[in-house]
Amino acid sequence: MQVFAALADPVRCEIVEMLAGGERSAGAIAARFPVSGPAVSRHLRVLREAGIAKCRTEAQRRIYSLNPEPLVELEGWSTALLSQWRSRFEVLGRYLDESQGKGEDS
């Protein structure tokens, strides 16, 4: 899942959080970080390629916005996975409860 790779970097996660609050220009995003403009540009490219961020040109500015679809897909996947694990833990819990009950009878 390309989304995981994109979100693996703390700078990119912070950019996503910024974009969740609304559109931002590339310059406004870059001003937030103590890294070079080209480094921020690479982070933005990774987010675009993962489909998390969208970019449009307005005069000479590049305006970025959040595309929530990949994050919604990620939420669905993680929710399904969590449901599977909860089910497994419930089965394990019942087994342990039954095992403990049998041990007390002896």
Side-chain angles (χ1 to χ4, degrees):
M1 220 180 238
Q2 216 178 3
V3 174
F4 281 121
L7 297 176
D9 186 279
V11 170
R12 290 192 289 269
C13 285
E14 194 168 336
I15 291 171
V16 169
E17 290 172 8
M18 287 175 69
L19 295 176
E23 293 184 332
R24 301 279 195 279
S25 70
I29 293 169
R32 173 90 183 245
F33 299 99
V35 295
S36 69
V40 172
S41 183
R42 284 190 294 276
H43 286 301
L44 290 167
R45 180 177 44 84
V46 169
L47 292 172
R48 278 193 326 268
E49 289 175 354
I52 298 170
K54 297 185 281 189
C55 180
R56 64 181 168 78
T57 303
E58 189 175 275
Q60 293 181 353
R61 295 173 14 156
R62 295 182 69 125
I63 307 297
Y64 284 85
S65 61
L66 185 66
N67 178 20
E69 290 174 22
L71 300 176
V72 170
E73 290 176 20
L74 179 61
E75 178 188 30
W77 177 83
S78 62
T79 299
L81 190 62
L82 183 58
S83 177
Q84 288 178 353
W85 276 102
R86 282 186 176 144
S87 174
R88 289 178 182 176
F89 283 129
E90 287 171 7
V91 169
L92 177 61
R94 285 194 299 271
Y95 172 78
L96 293 174
D97 289 345
E98 290 171 7
S99 304
Q100 188 176 11
K102 289 178 184 174
E104 291 174 358
D105 292 341
S106 302

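- The two residues A6 and R12 make their nearest non-hydrogen contact at O-NE, 2.7 Å.
- You'll find the side chain of V3 stays beyond 4.5 Å of the side chain of E73, heavy atoms only.
- Linking Ile, Leu, Val, Met, Phe, Trp and Tyr whenever their side-chain heavy atoms come within less than 4.5 Å puts L81 and L92 in one cluster.
- L66 and I29 fall within a single hydrophobic cluster, where Ile, Leu, Val, Met, Phe, Trp and Tyr side chains are chained together by heavy-atom contacts under 4.5 Å.
- Listed by chain and number, the residues in a side-chain contact (heavy atoms from CB on, under 4.5 Å) with V11 are D9, I15, F33, H43 (sequence neighbours excluded).
- In this structure, Y95 has no ring pair (Phe, Tyr, Trp, His ring centres under 6.0 Å) partners at least two apart in sequence or on a different chain.
- A side chain to side chain donor-acceptor pair (under 3.5 Å) check over residues 78-87, counting only residues at least two apart or in different chains, returns nothing.
- With hydrophobic clusters built from ILVMFWY side chains whose heavy atoms lie under 4.5 angstrom apart, I63 does not share a cluster with L47.
- Residue F89 is grouped with residue L96 when hydrophobic side chains (ILVMFWY) are merged at heavy-atom distances under 4.5 angstrom, including chains of intermediate members.
- Using a 4.5 Å cut-off on side-chain heavy atoms (C-beta onward), Y64 and M18 make no contact.
- A pairwise comparison of heavy atoms in C55 and R48 identifies CB-CD, 3.7 Å as the closest pair.
- Within the 4.5 Å cutoff, the side chain of E14 has no heavy atoms near those of the P10 side chain.
- Side-chain atoms of N67 never come within 3.5 Å of backbone atoms of K54 as a donor-acceptor pair (strictly under, hydrogens ignored).
- Looking at L19 and I52, their side chains never come closer than 4.5 Å, going by heavy atoms from C-beta outward.
- By the criterion of side-chain heavy atoms lying less than 4.5 angstrom apart, applied directly or through intervening Ile, Leu, Val, Met, Phe, Trp or Tyr residues, F4 is grouped together with V16 in one hydrophobic cluster.
- A distance of 13.0 Å separates OG of S25 from CD of Q60, quoted to the nearest 0.5 Å.
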(request) For the pair E23 and R56, evaluate side-chain contact (heavy atoms from CB on, under 4.5 Å) and give the outcome as yes or no after the intermediate values. (result) CA-CA 10 Å; E23 293 184 332; R56 64 181 168 78; 2.6 Å; yes
